[in-house]
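What follows is a short report on a single structure.
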Amino acid sequence: MDKFEIINRKLEHHGAIVDFYTLDVKVPNGNIAKWDHIDHKGAAAVVPVDEDGRILMVRQYRGAIDDIMLEIPAGGRDSEDEDFKICAVRELEEETGYRSEEIHHLIDVNTAAAYTSEKIAVYYAENLIPSKQLLDENEYVDIERYTIEEIEDMIYSGAITDAKTIAGVLAYKGLRKNS
């Protein structure tokens, strides 16, 4: 692959969660292309598995698509320096009201590499311990439990379209199959 070079990066908007940049990129033929880029500090997600082998899912409103989504618990890192696992542990408890001392890395997902730096580290958690849900004051989440087969059916029927959920659940299914 020929070399690409970012020669300028201009901050267009500093947001609460993301920053929006315009990049000037020198492409292999020597031309300068303008590309949009959303800078994101990263996030973590968890596939929480209860004692019956069911996966805890969260149902919540997502403003970017103006719809309710069924997802695995997830959230953004507090800073670019925060360890992804620390973020996963926090988000599991905040969103589901459970914690676990058995949280293991599963996969990493680049959500939309064409325009954002967002990487989500996906973990799985077993041996869930009841705790307390600690939602942010403007966060509304319903907890639901499903078997892997039920979630897989929802993925293939189009009822679940969230990329981190699809990747995480199918990776967990593959891990279980291979162990």
Side-chain angles (χ1 to χ4, degrees), residues 15-19 38-112 116-155 157-176:
I17 298 173
V18 297
D19 293 332
I38 298 170
D39 203 29
H40 191 283
K41 57 189 164 222
V46 184
V47 178
V49 184
D50 72 11
E51 64 280 353
D52 296 326
R54 293 178 302 157
I55 296 172
L56 277 66
M57 303 280 286
V58 296
R59 190 175 295 275
Q60 61 187 325
Y61 176 76
R62 293 299 194 185
I65 62 166
D66 189 27
D67 203 358
I68 306 289
M69 292 202 78
L70 185 61
E71 312 170 31
I72 57 176
R77 295 192 298 170
D78 287 341
S79 72
E80 288 185 17
D81 297 328
E82 181 180 36
D83 184 271
F84 284 96
K85 188 172 183 178
I86 300 280
C87 179
V89 167
R90 180 184 66 245
E91 291 300 325
L92 172 64
E93 187 169 23
E94 281 182 7
E95 292 194 357
T96 69
Y98 287 88
R99 56 186 181 79
S100 174
E101 294 176 4
E102 292 190 39
I103 295 183
H104 307 280
H105 185 258
L106 193 56
I107 57 170
D108 292 331
V109 177
N110 289 100
T111 58
T116 181
S117 62
E118 181 183 41
K119 175 179 105 170
I120 301 177
V122 183
Y123 295 80
Y124 69 96
E126 299 175 317
N127 296 318
L128 302 178
I129 302 162
S131 181
K132 183 180 178 192
Q133 199 176 28
L134 304 165
L135 299 175
D136 295 333
E137 86 175 310
N138 295 318
E139 192 173 24
Y140 300 89
V141 173
D142 290 331
I143 308 299
E144 302 175 16
R145 296 171 192 251
Y146 296 95
T147 65
I148 288 178
E149 295 75 24
E150 289 171 325
I151 295 170
E152 193 173 26
D153 287 347
M154 289 186 279
I155 289 169
S157 74
I160 291 177
T161 59
D162 178 62
K164 72 182 173 303
T165 299
I166 294 168
V169 169
L170 294 180
Y172 180 74
K173 179 183 179 188
L175 177 74
R176 254 188 50 198

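Computed from a prediction, not measured in an experiment: that's the story for all the values here. The first residue in the sequence is number 1, and the count goes up from there.
- Between the side chains of N127 and S100, no donor N or O sits under 3.5 Å from an acceptor N or O.
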I103 vs Y124, side-chain contact (heavy atoms from CB on, under 4.5 Å): CA-CA, chis, key distance, verdict:
CA-CA 6 Å; I103 295 183; Y124 69 96; over 6 Å; no
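- Looking at heavy atoms from C-beta onward, I151 lies in side-chain contact with M57 at the 4.5 angstrom threshold.
- A salt bridge links E144 and R59; the closest N-O separation between the charged side-chain nitrogens and carboxylate oxygens is under 4.0 Å.
- You'll find the side chain of I72 stays beyond 4.5 Å of the side chain of V58, heavy atoms only.
- Side-chain contact between Y146 and I55 is absent, with no heavy-atom pair separated by less than 4.5 Å.
- Taking every heavy atom of both residues into account, I143 and V141 meet most closely at CD1-CG1, 3.9 Å.
- The main-chain N or O of G158 is never found under 3.5 Å from a side-chain atom of T161 such that the two would form a donor-acceptor pair.
- Residue V122 is tested with L106, V46, D108 for a side-chain contact (heavy atoms from CB on, under 4.5 Å); the sole match is L106.
- Using modelled atom types, one finds no donor on one side chain facing an acceptor on the other under 3.5 Å when comparing T165 with E71.
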Check step by step if salt bridge (charged side-chain N to carboxylate O under 4.0 Å, His left out) holds for R54 and D52.
CA-CA 6 Å; R54 293 178 302 157; D52 296 326; 3.6 Å; yes
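- Between R90 and D78, at least one side-chain nitrogen of the basic residue sits less than 4.0 Å from a carboxylate oxygen of the acidic one, meeting the salt-bridge criterion.
- With no hydrogens or angles considered, a side-chain donor-acceptor pair links D66 and Y61 at under 3.5 Å.
- A donor-acceptor pair under 3.5 Å is formed between the side chain of E139 and the backbone N or O of D136.
- Inter-residue side-chain proximity for R77 and F84 is flagged as met; some heavy-atom pair is nearer than 4.5 Å.
- Here the side chains of V89 and E93 are not in contact, with every heavy-atom distance at 4.5 Å or above.
- The CD atom of E95 sits 7.0 Å away from atom CG of L135, with the distance rounded to the nearest 0.5 Å.
- A heavy-atom distance below 4.5 Å is found between the side chains of Y172 and V49.
- Of all heavy-atom pairs spanning C87 and G75, the tightest one is SG-O, 3.3 Å.
- With E91 contributing its side chain and A88 its backbone, the two residues share no donor-acceptor pair below 3.5 Å.
- Salt-bridge annotation for R62 and D67: absent, with no side-chain N of the basic residue lying under 4.0 Å from a carboxylate O of the acidic one.
- Minimum interatomic distance between P73 and L56 (heavy atoms only, all atoms of both residues): CD-O, 3.8 Å.
- The shortest side-chain heavy-atom distance between I148 and L170 does not fall under the 4.5 Å cut-off.
- The shortest distance between side-chain heavy atoms of K173 and E149 does not fall below 4.5 Å.
- Of the possible donor and acceptor atoms, none in the side chain of S117 sits under 3.5 Å from a partner among the backbone N and O of D39.
- Under 4.0 Å is where a charged nitrogen must lie from a carboxylate oxygen, and between K164 and D162 at least one such pair does.
- Ring geometry for Y123 against H105 counts as perpendicular: the plane angle is over 60°, on a 0 to 90° scale with 30° as the lower cut.
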